[in-house]
**Student:** 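My structure is below; once you've seen it, I'll send some questions.
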Amino acid sequence: MNLIYEGKAKRVFKDPNSKDRVIIEFSDSATAGDGAKKDTFPGKGAIACDISEILFSYLEGKGIDTHYVKRLKGPQLLCKKVSIFPVEVVCRNIAAGSFCKRYGIERGTVFEKPLVEFFLKDDSLHDPLITMGAITRIKLVTRDIIQFLIRVTLSVNYYLSELLKQQNLTLVDFKLEFGKTEDETIVLADELSPDSMRIWDSKSVSLDKDVFREEKGDLVSTYKMLLDTLRAASPEDVDIAKEVVQVIVEPKSGIKNPPGEVTKKALVRLGFAEVDDVRVGKVFNIVLKKPITTEILNHLNIMNVKLLSNPISEKHKVRLE
Ligand code: UDP
């Protein structure tokens with residue numbers, strides 16, 4: 001098979017049967033500390049592949065777009081070919097790892113709300129933390145795509161956390177990668193395994209790569225325990241979370257806006273002399289019964305043109321924040 005890419009614990013091959021598919025193979029190697037620590041664990045790749053298969057199928061079943069197509073023989077997944085965005089998205093529910101080092105926060109501090117962070121995918125720079133402002137200035141991805149990635153990441157966090165909660169496990173943090181397929185659909189890509197997430201049991205014992213990072217036990221039997229636990233979970237018992245998106249409709253500049261003029265006059269009359277201009281628009285809070293996808297974003301644009309706004313006099317924007 002034709003190798004396209006070789007990572008630390010995965011290899012990506014061309015699919016001999018289709019040009020818009022790839023084959024992802026999980027290897028038995030594990031690295032930590034930016035590659036400083038490296039070892040091989042026979043059987044690990046197959047278990048990480050099994051876990052990825054279960055979690056990708058589960059998320060697909062809940063309506064999240066992923067690159068997963070099907071399981072192949074051996075530690076391989078058939079996936080859609082995507083061009084990967086050059087950012088890693090990390091979501092944290094509890095402080096651990098680099099977050100604790102960076103801010104001097106105690107490991108295990110529970111956050112009020114999940115935190116989403118971005119890291120630049122660049123080994124030569126050691127994958128530094130990157131702000132949203134820098135992502136847009138360097139034109140890595142657009143602001144709209146950043147907001148979309150945050151929303152999908154929070155959905156993934158909800159669905160994975162709920163599934164693990166059934167088994168008395170806690171999702172501490174995880175790293176996601178996203179990409180775009182040939183038809184411009186944004187999908188969750190890469191892997192979903194304990195190599196890229198932290199999972200604790202009820203006594204804060206790690207069921208993930210921290211076992212290797214911190215030499216806390218046998219990695220393969222830990223991964224196998226997690227796999228058996230996931231096989232016993234009931235994905236159908238996890239409720240679908242509703243999502244809210246906002247559509248903002250505003251009068252185009254240069255178009256007269258009588259409600260705005262009336263409001264401005266009234267405000268000035270009331271003594272608010274600092275008011276120079278007012279433009280009145282409308283906001284639609286649209287509640288969705290499934291996670292946000294590229295298709296839903298396209299639908300929202302069609303809804304705007306067909307019903308929510310007047311394309312001649314108004315401009316519309318879908319707000320995901
Ligand atoms: N992570 C990953 N690949 C990376 C960096 C982090 O899969 O290159 C995962 C890691 O396993 C953890 C989460 O992202 O679940 C947050 O990692 P953190 O930033 O704390 O870095 P680490 O402690 O792994 O250096």
**Student:** Other than Ile302, what residues sit in its cluster of Ile, Leu, Val, Met, Phe, Trp and Tyr side chains whose heavy atoms are under 4.5 Å apart, directly or through others?
**Tutor:** none
**Student:** Kindly write out the residues that satisfy ring-ring contact (aromatic ring centres under 6.0 Å, His included) with Phe178, not counting sequence neighbours, or none if the list is empty.
**Tutor:**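 So Phe178 forms no ring-ring contact (aromatic ring centres under 6.0 Å, His included) with any residue.
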**Student:** Hey, are Glu182 and Lys80 close enough for a salt bridge, meaning a charged N less than 4.0 Å from a carboxylate O?
**Tutor:**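 No, Glu182 and Lys80 are not salt-bridged.
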**Student:** Name all residues meeting the salt bridge (charged side-chain N to carboxylate O under 4.0 Å, His left out) criterion together with Lys265; count only those two or more places apart in sequence or in a different chain, and write none if there are none.
**Tutor:**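 Salt bridge (charged side-chain N to carboxylate O under 4.0 Å, His left out) check on Lys265 returns nothing, list empty.
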**Student:** Looking at Asp190 and Lys10, is there a salt bridge between them, counting it only when a charged N and a carboxylate O are closer than 4.0 Å?
**Tutor:**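 The answer is yes: the pair qualifies as a salt bridge.
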**Student:** Just list the side-chain donor-acceptor pairs under 3.5 Å for residues 132-141, sequence neighbours left out, or say none.
**Tutor:**
residue	atom	partner	partner atom	Å
Thr136	OG1	Met132	O	3.3
Thr136	OG1	Gly133	O	2.9
Arg137	NH1	Gly133	O	3.1

**Student:** Between Asp195 and Lys8, is there a side-chain N and carboxylate O pair less than 4.0 Å apart?
**Tutor:** no
**Student:** Looking at the rings of Phe212 and Phe41, which for Trp means the six-membered one, are their centres under 6.0 Å apart?
**Tutor:** yes
**Student:** Could you grab the distance from atom SG of Cys49 to atom CD of Glu25, nearest 0.5 Å is fine?
**Tutor:**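 Here the interatomic distance stands at 9.0 Å.
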**Student:** Name all residues meeting the side-chain contact (heavy atoms from CB on, under 4.5 Å) criterion together with Asp20; count only those two or more places apart in sequence or in a different chain, and write none if there are none.
**Tutor:**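 Residues passing side-chain contact (heavy atoms from CB on, under 4.5 Å) with Asp20: Ser18.
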**Student:** For residues Val89 and Phe118, report the shortest heavy-atom separation together with the two atoms involved.
**Tutor:**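 Looking at all heavy atoms of both residues, the shortest contact is CG2-CE2, 3.7 Å.
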**Student:** Is Asp15 salt-bridged to Lys81, going by a charged N under 4.0 Å from an acidic O?
**Tutor:** no
**Student:** Taking only residues two or more places apart in sequence or in another chain, which ones pass side-chain contact (heavy atoms from CB on, under 4.5 Å) with Asp144?
**Tutor:** Thr142, Lys317
**Student:** To the nearest 0.5 Å, tell me how far Thr294 OG1 sits from Ile186 CD1.
**Tutor:**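 CD1 of Ile186 is found 5.0 Å from OG1 of Thr294.
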**Student:** Hey, is Glu250 close enough to Lys282 for a salt bridge, meaning N to O under 4.0 Å?
**Tutor:**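 Answer for the salt bridge query: no.
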**Student:** Quick one: side-chain contact (heavy atoms from CB on, under 4.5 Å) partners of Lys216, sequence neighbours excluded?
**Tutor:** Arg107, Ser206, Asp210, Glu214
**Student:** Could you pull out every donor-acceptor pair under 3.5 Å between side chains of residues 164-173 and any protein atom, sequence neighbours left out?
**Tutor:**
residue	atom	partner	partner atom	Å
Lys165	NZ	Glu162	OE2	2.9
Gln166	OE1	Ser234	N	2.8
Gln166	NE2	Ser234	O	2.8
Gln167	NE2	Thr229	O	3.2
Asp173	OD1	Arg198	N	3.4
Asp173	OD2	Arg198	NH1	2.8

**Student:** Salt bridge check, Glu321 against Arg143: does any charged N sit closer than 4.0 Å to a carboxylate O?
**Tutor:**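 A salt bridge links Arg143 with Glu321.
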**Student:** Would you please name every residue forming a side-chain contact (heavy atoms from CB on, under 4.5 Å) with Ile240, sequence neighbours left out?
**Tutor:** Lys62, Tyr159
**Student:** Running the 4.5 Å side-chain criterion over Ile, Leu, Val, Met, Phe, Trp and Tyr, what cluster does Val244 land in, apart from itself?
**Tutor:** Val287
**Student:** Quick one: pull up OG in Ser155 and NZ in Lys290 and give me the separation to the nearest 0.5 Å.
**Tutor:**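 Between Ser155 OG and Lys290 NZ, I get 11.5 Å after rounding to 0.5 Å.
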**Student:** Through direct or indirect side-chain contacts below 4.5 angstrom among Ile, Leu, Val, Met, Phe, Trp and Tyr, which residues connect to Val90?
**Tutor:** Phe99, Tyr103, Ile105, Phe111, Leu115, Phe119, Leu129
**Student:** Not counting sequence neighbours, which residues clear ring-ring contact (aromatic ring centres under 6.0 Å, His included) with Phe56? List them please.
**Tutor:**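 With sequence neighbours excluded, Phe56 shows a ring-ring contact (aromatic ring centres under 6.0 Å, His included) to His67, given in chain and number order.
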